[in-house]
Protein chains: 2
Amino acid sequence: MKKKITIKEIAKILMVSVSTVSKAMNDSPEISEKTKKKVKDLAKFYGYTPNHIAVSLKNQSTFNIGVIIPDIQNPFLAEVLKNIEITAKKKGYRIITFFTDEKLKEERESLNILSNGMVEGIIVCPSEETFVEREFKHFNNIAETTPIVTFDRIHKELDFNSVSVDDDQSILKACAHFKENNLKNILFVSSIGWLSVGKTRRRTFKSYMETEKAIEGETIEEHNLDELRAKIEARITDNSLPKIEAILGADIESTLIASASISRNKIKFIDEVSLIGYVNKNHNELQYPRVSYINQFPEKVGEKAVDLLINNLKEDHKKATLEIIKTEIVTKDTSK
Amino acid sequence: MKKKITIKEIAKILMVSVSTVSKAMNDSPEISEKTKKKVKDLAKFYGYTPNHIAVSLKNQSTFNIGVIIPDIQNPFLAEVLKNIEITAKKKGYRIITFFTDEKLKEERESLNILSNGMVEGIIVCPSEETFVEREFKHFNNIAETTPIVTFDRIHKELDFNSVSVDDDQSILKACAHFKENNLKNILFVSSIGWLSVGKTRRRTFKSYMETEKAIEGETIEEHNLDELRAKIEARITDNSLPKIEAILGADIESTLIASASISRNKIKFIDEVSLIGYVNKNHNELQYPRVSYINQFPEKVGEKAVDLLINNLKEDHKKATLEIIKTEIVTKDTSK
DNA sequence: CTGAAAGCGCTTACAG
DNA sequence: CTGAAAGCGCTTACAG
């Protein structure tokens, strides 16, 4: 493997100083056009490009933004990530992405590495384990030296600029949607009861059901997807119980399972049962039936997160801003 | 924002030299236990961690691997990426990921940035535009100084270590599967005719059909997904034409659309039509019906790519190795 | 217009 | 066992 050529070697070949080469490469007005051309031509010939690590160290700035994501396989997070990248690039920043697999340990490592001079600031969706353990110190340590923006998952101890989705409103809007259509027996299904976001979604559902006396709410929560499917199918085909008129899926998996269970048992959508849930937007459009869903606007989440971080870079933040993205119910084939 | 503390400042506080602090932090045997403790305690107190950029510059090694991916929304690529990260981490490397959005320009930029000292080597899935333009020079330039491993998409001008999937065999295996089940009229559907991988899949399908006189092959290719669906539905419901007995989907989108079209028109899977295609494995398991699919083993692709790169780091490569991952047909609900 | 010098934050061969 | 010095590849204030 050839070594990359450096400014020093170019200087030697051209018999000029290192400073002259550096200035010429950076188009400094101090340097004559003639010298600039000479330097640039040789640089091109040898395929010289400045060493980024050296430039970063010297300038004490990297134009990198760190992004920490629990799981790329999650379509919502993948779409947020994509938009973080697009927005960052527009503003002249690159992103360096780490994945935590929902683990606290990996999150801590990622934060450490990124904050050691690799990036100007960090956008992070905290891992599930972080919430389970209620362990937030590592964020605060890092935040003293590196600006942090969190997204999607919030907690009162996470006192940073953050962007999240109006989760309560999403669930309430779905329930209200069912109510408007006069649906009385509503089943809440979830495979993420253990996840904090799963807990709040269930809590919101239940509290709605308590205030609405005319409507009955039931819940099925099960982490094992096969069992979840078995339980859902058992419930929707049990004629000895009140008929389920609507299902609310708390996550992509449970929504898919509910949709499949209904289809498999030849139950008719809308006529017999309605369904609203969370979906992979790209795929949902292609499926039959297309499930009515809660749109969380991942584009907006990503864009806003970058905005908050970059503003934060310029002026030290005083008070944490919390941006909340409004969601909407998108009606497709599984509900009126 | 507080500045991060440096070795120099710790040295000053402790009234020892910078070298002593550095050696103590790195547990050098040259340093007494007493001094080590003193240094480490203070380092901990001030939250000192070594500046990665400086260490990289000094050591001329970063323990970073660059990864360049056309699109994270592609479930296959996302899964490969995940496994690249897992494998790299196991071997003590971090990954820095860039996305090209299938654009040549972005690919070129990503390669430039990564090769300027940021990483030890680069794993890349070349963008579609790169193939369309037949423009591979940028790879060769970079490859002189930075080891490159390509994956998933190959081309004879891309003379690097690479891992790819046995695409021809996949299509042939699916065709053979249909043949074994005595299916005569086979429809190949694709939304990626413009993509090189789409072209080879079609070509392979067609050549199989030519050799098998007893079987009829038809193809529908259409980039616009709504139109693709319209065309597929028109064909499978047209009774004036020979009945389609099996469908082969050339990509995730066309496979989903074919499955949905069949369901929407109440055509029975297996009895009336069989379907094999490419799927998002995680979601496919939850859907009804679960589509029979071609498993490309993204785990293996990711792991192998990292292996090849890391071996390449150690000994300069002489001749490019091409690893081919064998695929398999996984039978689910849409075929025998 | 060009160059010598200092320095970004580290590591390490060498001297003591 | 500790420290002074050189250097990784750059940039830039300063001198000439």
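All values below come from the heavy atoms of this structure, side chains included, with hydrogens, waters and symmetry mates left out. Since the structure is predicted, the reported quantities are computational estimates derived from the model, not experimental observations. Numbered from 1 within each chain, the chains take letters A, B, ... in sequence-line order.
- In this structure C:dA4 sits in no base pair that meets the Watson-Crick or G-U test at under 3.5 Å.
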Before giving the answer on side-chain hydrogen bond (donor to acceptor under 3.5 Å, both in side chains), spell out for A:Thr321 and A:Asn161 the whole-Å C-alpha distance, their side-chain angles and the decisive distance to 0.1 Å. CA-CA 5 Å; A:Thr321 339; A:Asn161 286 345; 3.1 Å; yes
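- Inspection of the B:Asn116 and A:Lys4 side chains reveals an N or O donor paired with an N or O acceptor under 3.5 Å.
- Atoms CE (B:Met25) and C1' (C:dG9) sit 13 Å apart, rounded to a whole Å.
- Heavy atoms of A:Ser22 sit under 4.0 angstrom from at least one base atom.
- Nucleic acid contact class of A:Lys3 (heavy atoms, under 4.0 Å, all strands): sugar-phosphate only.
- A straight line from CD of A:Glu30 to P of C:dG3 spans 12 Å, rounded to a whole angstrom.
- Checked against side chain to side chain contact (heavy atoms under 4.5 Å, CB included), A:Lys105 has the following partners two or more places apart in sequence or in another chain: A:Glu109.
- Nucleotide D:dA13 has no partner under the Watson-Crick or G-U criteria, as no pair reaches both atom distances under 3.5 Å.
- Heavy atoms of A:Lys23 sit under 4.0 angstrom from at least one base atom.
- Residues B:Phe98 and B:Ile96 are in side-chain contact: their nearest non-hydrogen atoms beyond the backbone lie under 4.5 Å apart.
- As rounded to whole Å, 10 Å separates atom P of C:dC8 from atom CD of B:Glu9.
- Computed from coordinates, the A:Asn51 CG to D:dC8 P distance equals 12 Å when rounded to whole Å.
- You won't find any donor-acceptor pair under 3.5 Å spanning the side chain of A:Lys58 and the base of C:dG9, going by distance alone.
- Distance B:Ile53 CD1 to D:dT11 P: 14 Å, rounded to the nearest Å.
- Atom pair B:Ile31:CD1 and C:dT11:P shows a separation of 12 Å (rounding to whole Å applied).
- The side chain of A:Thr6 sits closest to D:dG9 out of D:dG9, D:dG3, D:dT11.
- Residue contacts for B:Thr35: at a heavy-atom cut-off of 4.0 Å it reaches the sugar-phosphate backbone alone, with no base atom in range.
- Note on B:Val16: only backbone sugar-phosphate atoms sit closer than 4.0 angstrom, heavy atoms only; bases stay farther off.
- Two residues, B:Met15 and B:Gln60, neighbour DNA chain D, and the one matched to the more 5' nucleotide by heavy-atom proximity is B:Met15.
- If you check every strand for non-hydrogen atoms under 4.0 Å, A:Lys4 touches nothing.
- Within the structure, a side-chain polar atom (N or O) of A:Thr20 is placed less than 4.0 Å from OP1 or OP2 of C:dG3.
- The distance from atom CG of B:Asn59 to atom P of D:dC8 is 13 Å, rounded to the nearest whole Å.
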So B:Arg134 and B:Glu157, salt bridge (Lys or Arg N to Asp or Glu O under 4.0 Å) or not? Walk me through it. CA-CA 9 Å; B:Arg134 288 201 188 74; B:Glu157 287 193 42; over 6 Å; no
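- When rounded to the nearest whole Å, the span between CG of B:Leu57 and P of C:dG9 equals 12 Å.
- In the set C:dC8, D:dT12, C:dT12, the nucleotide with an atom closest to the side chain of B:Ser19 is C:dT12.
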I would like to know whether B:Phe160 and B:Asn312 meet side chain to side chain contact (heavy atoms under 4.5 Å, CB included); could you show each step before the answer? CA-CA 10 Å; B:Phe160 311 114; B:Asn312 208 172; over 6 Å; no
